[in-house]
Every structure is written in C-alpha cells, then in structure tokens.
Enquirer: 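Once you've had a glance at the structure underneath, I'll fire off some questions.
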Protein chains: 2
Amino acid sequence: MIGIDDVARAVGVSPATVSRALSGRGPVSEATRQQVLEAARELGYVVSSNASGLASGRTRAVGVIVPFLNRWFYAQVLEAAQNALLAAGYDLTLYNLGGGVDTRRSVFEQFLFRQRVDGLIAISLEVTTEEVRRLHEIGKPIVCVGGPIPGLRTLSIDDIEISRIATDHLTALGHRRIAHIAGGGGGYDFHLPLNRRVGYELALRNAGIEPDPGLVEPADFTIAGGHAVAARFLADPERRPTAIFAASDEMAIGAILAAREIGLRVPEDLSVVGIDDHELAPFFGLTTVAQYPGNQGARAVELLLSELGRDAAPSEDGEGNEPLGFDLVIRSTTAAPPA
Amino acid sequence: MIGIDDVARAVGVSPATVSRALSGRGPVSEATRQQVLEAARELGYVVSSNASGLASGRTRAVGVIVPFLNRWFYAQVLEAAQNALLAAGYDLTLYNLGGGVDTRRSVFEQFLFRQRVDGLIAISLEVTTEEVRRLHEIGKPIVCVGGPIPGLRTLSIDDIEISRIATDHLTALGHRRIAHIAGGGGGYDFHLPLNRRVGYELALRNAGIEPDPGLVEPADFTIAGGHAVAARFLADPERRPTAIFAASDEMAIGAILAAREIGLRVPEDLSVVGIDDHELAPFFGLTTVAQYPGNQGARAVELLLSELGRDAAPSEDGEGNEPLGFDLVIRSTTAAPPA
DNA sequence: AGCGGAGTTGCAAGCGCTTCCAGTTCGGAC
DNA sequence: GTCCGAACTGGAAGCGCTTGCAACTCCGCT
C-alpha cells in the first residue's frame, strides 16, 4: 500500500507538507501544492481514512439512520443525502433500524459510539427517551429530517399545513363528505399522522364542516393498506364520501384501485388526494402535495456539513427547526363532486 | 472519550489484555475476560474503529455498492445485507452509484481506496472493464450479487431458467401467443434482460412455438414502463396475446393495470406472470417467480465474512459462482387462455 | 528438587497520518 | 544594512489501538 511518505519522497518534501497540501489545512505554497497533487494522482495515493481519522479526529464519514429502506420516501432522502455526501468527499455509513429490536439496540449502544462518523442524520425516526439520551451522549452534530427529536436540530415539513392545503383543495371543489386515510402504526414517528389529521380537521372546520370520526381510519402507509381502508369507506353507497384524502400517495393509490374495483370513476365519482408526489403519482394522475424528499436529504447534509465545517460543538440551538417547502400538484384525480 | 487504558486500569491489567479480551484474539483467562467485559460495559467503553483499524488493518466495515436505491429489489438486498452485517458487528458503508458520472468515478477512484472497508458487496452492477480493474486493485474480497463481474465471485440467479419456468407455466396452461416485456436500459447489468429473453424463447420452442419478435418489447422495469408496453401489445384485438410474461413484477403490474383499463379481465382474458415476488405481488394476486432478494443479501454477507474470517487473500477462484433458489408462485393472474 | 512446557500477561513497537512548534527564508520597513 | 514579520517547511510527538516477543507462573514429570 502506498503511503504519504512515498508521495513526500517523490516530491522531495516532508510528509507534513504533503498532508497540508492534500487536506488544505495550513499554508502551502502554490507550487508545492501542485507538485503534491500531481504526484499523488500519479502514484494513485489515497489517504487512509483510519490513520487520518485517528490523528485528526475527523473521519469524513456521516452516519445516516433510517427506520426503513424499502419505502419511497426514505429511499429518496437517503439517495439525495448520499449524493450530497459523496460530492463533499464524505462516506455514508448506513444504519437501518428495521432489523428488529436487537439490531436497533446494538446500533444505539455500540455502533454509534465507534467514532466512525463525524455526524449523524436521522430520518423520520421515532425514538425513545433513552435513545435520545444516547444520541446526545455521542457528542456529535445531528440533523433530523422529519421526526422532530427533542433537543435536536430538525428539518421538518409543516404536516398540519400540508394536510390543510390538500383538504382545502377538496372543499374548494365543493366536497363536503371527505374521508381521511390517516397514517399510523409501526415504527413511524407518531407526530406525523397526528398532525396530518389535525390539518385535515382544521380545513374541514374552516369550510364549516364538522369532522366525522367515522370518516377517518388509519392504514400503514402502503398501497394495500390504503386499498383496504378505502374499500371500507366506499362499501356503503349511502354513506360513501365523495372524496378521500390519504396521508400518503401510496395509500391514495390504493384508494384509487379500490374505487376502480367497484366501478367508481375517479375523479367523476370520487376525488382522491395524497401527499408525497411519489414516483407513481404522475402515472395515476394523482393530485397530491409534493414534499420533495430529495431536497430534504440534500438540505440535511448541507446543514450538517456546515456545522462540521465550523468545527462546532454540537449545536445547542436545537430549537432552530427549519420548515421545508411543499406544493399542491393538481392532476386528474380531483374534480367537483357528483351532482 | 473513554479509552482502552481506562478499562485496563479499572480491571488492573494491561491494555494489551483488554484488547485481547474484547477482540477474542489471543489467550486470556476466563476470569480476566469476564472482568474486562464487565468493566467495559460498565464504563460504556466502545473501541475506536479508527485506532483499531489502523493498528490491525481490519475495520469491521463492509462497503455495499448499488446502482439504485429506490428499486424494490436493491432495497431488499441491501436491507438484508445490513441486518446480517450489524448482527456480525460490521458497519455498512453505502455507495450508491445513481448520482451521475462524477460521483461514480470518484467512488471508483477515491472512496473505495480509503481503506475504510474490509470487503465489498456489489449488487447487480454493470461495470466497465476499467472499473473491474479498479475493483481488483483494491485487493479486498468482493462478492457480487446478480451482475456477474468477470473474475469476481458472484451469487446469481439462473435467469434463463427462472424465465423458462415462468413461460412454461403459461404454455402448460395452453397459451400460444405469449408476449414478453423484456428488461432493458439504464444502468442495469445487461446480461439479465438478455438471459430472461433467452429463457422465454427456450420455453416457447420447447412447447413447439416459434418466438415472434413482434411480441417482445423492452421496458425500464417500472410500473409505468410495463403499462406502456402492455398497452401497445393489447391495443389490437386481432393480434392480442393471451398472456404476458414480464421480466419483473413491477412491469407485470403495469400490464395488469393496462389490461384493466381497456376492460380486459385478468386472468380470464389475459394471463400475466412476473418475476420477483415484489411486495405488491400478493395485493395484485400476481403469479410470479420469487427470487428472494433478502436471502441473496444475507448469503452475500455470509460468503464475504467467511472469506474475511479466514484472513484470506481475495479469493482467486472467482469462477466458483453460486446459483440461488427461486420458486414459481402461482396466484390468480394466470389461467387457461380464453376459449 | 529441577526442568520443560502450556497458559497468561505485560512491554513496547508500530499502524499512517496530523499538527504543534520551531526553524528557515524572504521581502519590505526603517 | 539591519530587523521584523509573514509565509512556508520540517521534526517529532502523538492519535488509541493491536500484536510479536519475552517474561512469568504454575503444573506435572523425571
């Protein structure tokens, strides 16, 4: 393995200078820098991250913690984060908590303490107070996306507002009986489904409609889950809603399929709105509120790196939570209710 | 930060003994080992991966290279690999090549050479010969899943056979006009779609049917792509196939939706078969060939770790490729052709 | 009693970098 | 011409572990 000494010898300077030239820390004359860069490229020299990390305390790696992998939203955020990190020269170490209690515990007890990463990004995590304590103990900067974790800097969407807008769109079209497929269950941060429901009820009240608890039912954020709930909503022609607002696009798609199965036309007989702007949304012509997970991932990296950049201690201003953008995207699954 | 010396002091032994006790390398009396373990737990000591890696050359991390994240198959493999790695005490460093040419190049030129990982798992990668050369240069064990990379140990499905079985199922039901939505395009290993087409044609010939090139068209492995191709196949009632075999479940689902849209019933008017056993397959009642990506990921980790375990040089017996299991799963999208 | 060997343990030398500190050079100010 | 500071460079001390080697302790044997 070719080391820093080889490069130093090739250029005729000390390893210290090579280190400075390559890392950009400390003064090096432009001429020397160029020679070093050249020699390094020529020899194919790449610094050993272990040695560098041990000596400097910086590893140039960021840990990303996700509760799931195989969900569109998480994968989008993760992909964007990966790209941003690679572009900045950072490795991404993945911690997927979806592997059961034991793996989850060992991540929080062991893995995160190995000094392998300079900082962490946590995506929509629902964590126990004990886990929050561990996260703080690590003493490294953390940025959360989505699930607000007490005392940590969080990037989050305004879930109440996003839902209000979606529901407003339906009331504005004239709908009065609007059902809501809420989120719920398993591993998700529980604030999200709750806030989305609050926004929905807010919009109804604004339109002078009293929310009917019989028109709200939770599902698990999947197509199959949305389908099952929608089928129940639509079963009785007497009590059938004229619109469904689902807390995610996948559930909305399930609802569309359920409607089609019993011969209802979308949007003529039933309007459907989702949240996400999932990759399948255009395919189904789904009206939805886009929340740009890619931007969220990229922004999280940006924030984290800036914190690392100023060699800061983990920011104590954890309350400086940053709202994210979203937009209503009107396609062809919403229309005025049947006469 | 609490270090190995603290533990040593607490127990009253040398750091060397603590290291041996914690890593399991070298002899330590049972009594001492217990004390060390106890003290480490108590103090919350976790070895610094940088220091350990630098001193030993082992990092207890594995790199996983994927071409995409937001595809069901990749996410499944990745998730399983992550679980297996965590269980074995390994970190997983992710390299997603989907970020464009530049990131791809820097991964192959820089990131993989940082000595950050002990080994690599490459999932269904299509690589250039230059990239293969770089992979070899790294000098670490590599296990590939799916895309056979020349000279590297590969775990792969028998794509010809898997397709043959799917198509056989259709011919056995009596179908004669069977269309194939092939894979193709962008970033995927190109052997896969090719082999699947070969298996399809093989099965047809076995049933005495001459393949009709007009009944084969590629799509991009997505629902939308499958939908578009299927819509074309089904447009002309005269030349309409009675069955469609898609090279992936997502494309098969697209085909089902396309059929429904023009009023065809599945399976009465059209049979559809896919490959994968995607999470949505049960929801659509899709008959498919399951290929268990989770097992593939777990098996890849197992192989890689066993290679690392015996401190082996990267195995030169790269041709010892291992076939993987798959099963025809018959659900409700296939039946005899209309009379 | 003396000895050889197995089982444990400690010593100390690194692993390959980074960075503090001190030295050197050079240009300008006086 | 001298002096000072800024800009650059090299020496060397670690960073926190692992591990080869030597030392030491018990045994059971002869």
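What you are looking at is a predicted structure, and each value in this text was computed from that prediction instead of being measured. Every chain is numbered from 1 and lettered A, B, ... according to where its sequence line falls, protein lines coming before strand lines.
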Enquirer: Given C/dT19, is OP1 or OP2 found less than 4.0 Å from the side-chain N or O atoms of A/Arg58?
Expert: yes
Enquirer: Using a strict 4.0 Å threshold on nitrogen-to-oxygen distance, state whether B/Glu130 and B/Arg134 make a salt bridge.
Expert: no
Enquirer: Can you measure A/Glu30 atom CD to D/dA6 atom P for me and round it to whole angstrom units?
Expert: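 Rounded to whole Å, this separation is 21 Å.
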Enquirer: Between the main-chain N or O of B/Arg116 and the side-chain N or O of B/Thr59, is there a donor-acceptor pair closer than 3.5 Å?
Expert: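 Such a contact is found between B/Thr59 side chain and B/Arg116 backbone.
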Enquirer: Considering only side-chain heavy atoms of B/Arg20, which listed nucleotide, D/dG10, C/dT9, D/dC15, is closest?
Expert: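 Of D/dG10, C/dT9, D/dC15, C/dT9 is nearest to the side chain of B/Arg20.
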Enquirer: By nearest atom, which of the nucleotides C/dC17, C/dT9, D/dA12 is closest to the A/Ser48 side chain?
Expert: C/dC17
Enquirer: Between B/Arg33 (CZ) and C/dG7 (C1'), how many Å, whole number?
Expert: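 One finds 13 Å between C1' of C/dG7 and CZ of B/Arg33, rounded.
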Enquirer: Please give, in whole Å, the distance from C/dT18 P to A/Asn50 CG?
Expert: 12 Å
Enquirer: Is the closest side-chain donor-acceptor distance between B/Gln34 and B/Glu30 under 3.5 Å?
Expert: yes
Enquirer: If the cut-off is 4.0 Å, is B/Ser19 near the phosphate of D/dT18, judged by side-chain N/O to OP1 or OP2?
Expert: yes
Enquirer: Considering just the side-chain nitrogens and oxygens of A/Thr17, establish if one lies under 4.0 Å of OP1 or OP2 belonging to D/dC8.
Expert: no
Enquirer: Counting only side-chain nitrogens and oxygens, does B/Thr32 get under 4.0 Å of the OP1 or OP2 atom of C/dT8?
Expert: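 B/Thr32 to C/dT8 OP1/OP2: no side-chain N or O under 4.0 Å.
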Enquirer: Any side-chain N or O of A/Ser52 below 4.0 angstrom from OP1/OP2 of C/dT18?
Expert: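 So the side-chain polar atoms of A/Ser52 do come within 4.0 Å of the phosphate oxygens OP1 or OP2 of C/dT18, strictly under.
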Enquirer: When you match A/Gly53 and B/Pro27 each to their closest nucleotide on DNA chain C, which lands nearer the 5' end?
Expert: B/Pro27
Enquirer: Which nucleotide wins on minimum distance to the side chain of B/Ala16, given the candidates D/dC17, D/dG10, C/dC11?
Expert: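 Nearest nucleotide to the side chain: C/dC11.
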Enquirer: Step by step, would you call B/Ser29 with B/Thr32 a side-chain hydrogen bond (donor to acceptor under 3.5 Å, both in side chains)?
Expert: CA-CA 5 Å; B/Ser29 75; B/Thr32 312; 2.6 Å; yes
Enquirer: Rounded to whole angstroms, how far apart are CZ on A/Phe113 and P on D/dG16?
Expert: 17 Å
Enquirer: Can you tell me the distance, in whole Å, between the CZ atom of A/Arg9 and the C1' atom of D/dG10?
Expert: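 Rounding to the nearest Å, CZ of A/Arg9 and C1' of D/dG10 are 15 Å apart.
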Enquirer: Whether A/Ser56 contacts C/dT18 is assessed here as follows: a side-chain N or O lying under 4.0 Å from the phosphate OP1 or OP2. Is that the case?
Expert: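 No, no such contact exists.
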Enquirer: With a 4.0 Å cut-off on heavy atoms, is B/Ser23 in touch with a base, just the backbone sugar-phosphate, or nothing at all?
Expert: nothing
Enquirer: Using atom CG of B/Leu54 as one end and atom P of D/dC17 as the other, report the distance to the nearest whole Å.
Expert: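 In whole Å, D/dC17 P lies 12 Å from B/Leu54 CG.
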Enquirer: Could you check how far CG of A/Leu22 sits from C1' of C/dT19, rounded to whole Å?
Expert: 15 Å
Enquirer: Measure the distance from CZ on B/Arg25 to P on D/dC21 and round it to the nearest whole Å.
Expert: 16 Å
Enquirer: Quick check: does any side chain N or O of B/Asn96 sit under 3.5 Å from a backbone N or O of A/Glu79, one acting as donor and the other as acceptor?
Expert: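 Absent.
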Enquirer: Nearest to the A/Tyr45 side chain among C/dC17, D/dG11, C/dG10, which nucleotide is it?
Expert: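 The answer is C/dC17.
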